[in-house]
Amino acid sequence: LKEKRNFFVFRHQLASGDERLVAVYSKSYWLNDRSVLLSTILPLEQFGQSQVQQAIDRLNSALVKQVDQQNSQLLEQKNQVLIGLGLALLVMTLIALRMFWQWRRQKQIQLQLATLHHDFEIFLNHTGDFVYFKDAQRRLRFCSLSMAKLVGADTWQALIGKTDFEIFPKETAEVYYKEEDTLYETGTPLLDKVDPYYKENGESGWVQTYKWPVWDDAGEKVIGLFGISRDVTEMHQLQASLQTAKQQAEAANVAKSDFVQNLSHDVRTPMTTILGMSETLSDDQQDAMDYKMKLHHIHRSAQLLMTLIDDLSDLSKMETGDFHIEESPFYLSQLLQNIQDLYALKADEKEVVLYCERAKSFKRSEDCFRGDARRIGQVLFNLVENALNATQQGKVTLSVQLRQAKNDQAWLKFTVKDTGMGIAEAQQAELYELFSQQALPPSQQKKLGLSMSQLLVQRLGGEGLQVQSE
């Protein structure tokens with residue numbers, strides 16, 4: 001090493017113990033990134049010095065050539081490995097990019113699904129409609145919170161897997177199952193169907209229902225249904241109210257038509273009397289009594305017409321809000337006497353006794369009162385007229401009692417009794433209906449019925465008319 005040469009000679013002992021003079025030639029090489037020492041040993045006894053040198057040169061040349069070949073092969077293999085590693089790295093990079101893209105796409109899909117699920121839950125929790133989805137066995141897969149609360153559940157998840165028979169009353173569930181049979185069998189949607197439903201507290205309502213079939217991927221079999229039911233209870237009640245109002249309006253129109261016919265009869269009857277009696281008054285051959293009786297008939301008929309006109313006038317004023325009470329002093333005894341005089345002849349003709357009297361509890365000084373005497377008389381005329389029309393024999397009594405007198409205010413109670421045929425209990429509720437005369441027999445149907453008298457009594461501050469009949 002000190003001489004910096006790679007050739008030296010030394011004696012080498014063989015295994016037999018003999019010694020030989022040998023020449024050793026060594027040289028280092030780089031192989032696979034490692035330093036390798038290659039040595040050649042030649043016996044010097046067989047060759048001369050020049051031959052050994054030539055042999056060494058040839059061997060060295062061959063070794064150099066071989067090492068160069070190996071280095072070239074190693075370099076080529078190294079390049080191939082590098083190329084392979086590059087290709088592998090490229091493939092792995094592409095695979096990693098694809099996996100990253102797929103992961104990112106999956107995350108986006110998961111985010112979209114989570115957002116859709118969140119939005120869907122918000123919809124189910126806040127919609128006021130009853131939304132639901134059923135599978136092939138008609139079990140709920142989901143529904144809106146409003147539907148869950150309808151049947152007493154706190155969450156819609158509590159109804160998953162349940163059927164209508166587990167949620168609703170049996171009668172209601174049977175209605176739902178029956179209407180869904182055609183949908184599951186033929187796939188025909190159920191549209192605009194109004195169904196009943198019952199809340200947890202038993203209160204009933206109505207829903208407008210739409211149900212659509214859910215088909216399998218092949219589109220051949222119904223595997224469920226999707227439905228929406230909207231609470232239309234108020235609309236249903238409104239329609240029922242409108243229908244009732246329509247029927248009432250139609251009935252009112254009929255009643256008004258009947259009323260006009262009866263009113264025309266009420267007008268013609270006294271008018272016929274007035275015309276007939278006024279024509280006979282021109283006959284000079286009649287005696288004074290007959291003449292006086294005819295004048296009384298004319299006066300009574302005119303009074304009936306005036307009462308009828310007053311009724312119509314007051315009714316019109318009530319409808320327009322122009323009705324006013326006109327108070328003035330009047331004598332009760334005079335009011336009763338006027339009624340007695342007006343209907344005395346009619347009572348005599350029917351052989352009915354007519355009494356118009358005050359209660360014995362009245363003091364002599366208790367005769368002058370302040371009030372609307374015309375409207376009070378109007379009511380009493382109607383009541384006495386009806387009583388006389390209903391009585392064929394017996395008597396009609398108009399009596400008045402002083403119920404209370406305090407602080408310059410008095411309350412009078414008027415009572416009209418007759419011995420007529422009476423009014424059935426079922427018909428008594430219709431006595432005070434405006435334009436209604438059908439509750440009374442034909443002989444009692446006069447003027448505006450008792451409804452006008454009832455309105456007048458209430459406007460005068462009274463408790464209203466009351467009827468007792470046997």
Side-chain angles (χ1 to χ4, degrees), residues 307-308 310-336 338-340 343 354-363 366-391 396-420 422-440 444-470:
T307 302
L308 179 60
D310 289 341
D311 287 343
L312 292 174
S313 176
D314 287 341
L315 177 61
S316 176
K317 290 179 180 180
M318 288 180 184
E319 290 181 346
T320 59
D322 195 31
F323 181 86
H324 301 286
I325 300 297
E326 300 174 358
E327 294 186 353
S328 60
F330 71 93
Y331 289 95
L332 180 61
S333 58
Q334 184 63 47
L335 177 62
L336 296 177
N338 291 340
I339 295 175
Q340 180 75 47
Y343 288 102
L354 175 62
Y355 295 101
C356 295
E357 58 189 14
R358 299 188 305 173
K360 295 180 180 180
S361 58
F362 270 94
K363 299 179 181 179
E366 295 175 334
D367 189 42
C368 183
F369 297 90
R370 183 177 181 83
D372 196 332
R374 184 173 67 85
R375 265 58 180 269
I376 296 174
Q378 193 173 328
V379 173
L380 296 178
F381 289 157
N382 283 330
L383 296 179
V384 172
E385 177 77 14
N386 280 327
L388 286 173
N389 289 335
T391 304
V396 174
T397 303
L398 168 61
S399 62
V400 58
Q401 296 176 338
L402 181 63
R403 294 185 57 183
Q404 184 179 0
K406 186 177 181 181
N407 298 330
D408 296 331
Q409 288 187 343
W411 293 90
L412 301 177
K413 179 181 179 181
F414 293 91
T415 304
V416 177
K417 295 182 179 180
D418 63 67
T419 57
I423 302 173
E425 184 177 357
Q427 296 174 324
Q428 293 178 14
E430 302 180 16
L431 286 176
Y432 307 126
E433 292 184 7
L434 194 60
F435 303 126
S436 175
Q437 296 183 350
Q438 62 268 25
L440 297 173
Q444 295 173 266
Q445 295 179 1
K446 290 294 179 181
K447 305 177 183 66
L448 302 182
L450 296 177
S451 58
M452 191 63 220
S453 298
Q454 178 74 298
L455 292 175
L456 286 174
V457 171
Q458 292 173 351
R459 291 300 180 94
L460 290 169
E463 296 178 355
L465 299 179
Q466 299 178 0
V467 60
Q468 294 180 353
S469 181
E470 298 179 357

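If you read the sequence from its start, that first residue is 1, and numbering goes on from there.
Here the closest heavy-atom approach between residue R358 and residue L336 is recorded as CG-CD1, 3.5 Å. The heavy-atom pair separating Q401 from A359 by the smallest distance is CG-CB, 3.9 Å. The two atoms that bring P329 and C368 nearest to each other are CB-SG, 4.4 Å, heavy atoms only. Closest of all the heavy-atom pairs between F330 and R370 is CE2-C, 4.1 Å. Annotation for F362 and V400: closest pair CE1-O, 3.4 Å, computed over non-hydrogen atoms.
For V457, the side-chain contact (heavy atoms from CB on, under 4.5 Å) criterion is met by V379, L465, not counting sequence neighbours. Legend: residues meeting salt bridge (Lys or Arg N to Asp or Glu O under 4.0 Å) with E326, ordered by chain and number and at least two apart, are absent. With sequence neighbours excluded, the residues that form a side-chain contact (heavy atoms from CB on, under 4.5 Å) with Q378 are T307, D310, D311, D314, R374, R375, L456.
In this structure, OG1 on T397 lies 9.0 Å from CG on D418, to the nearest 0.5 angstrom. Considering CD of Q458 and CG of L455, their distance stands at 6.0 Å, rounded to 0.5 Å. Expressed to the nearest 0.5 Å, how far CZ of F369 lies from CG of L335 amounts to 11.0 Å. One distance of note links CD of Q466 with CD of Q454; it measures 9.0 Å at 0.5 Å rounding. The structure places CH2 of W411 at 7.5 Å from CD of E463, a figure rounded to the nearest 0.5 Å. Remark: N386 CG to F381 CZ distance equals 13.5 Å, nearest 0.5 Å.
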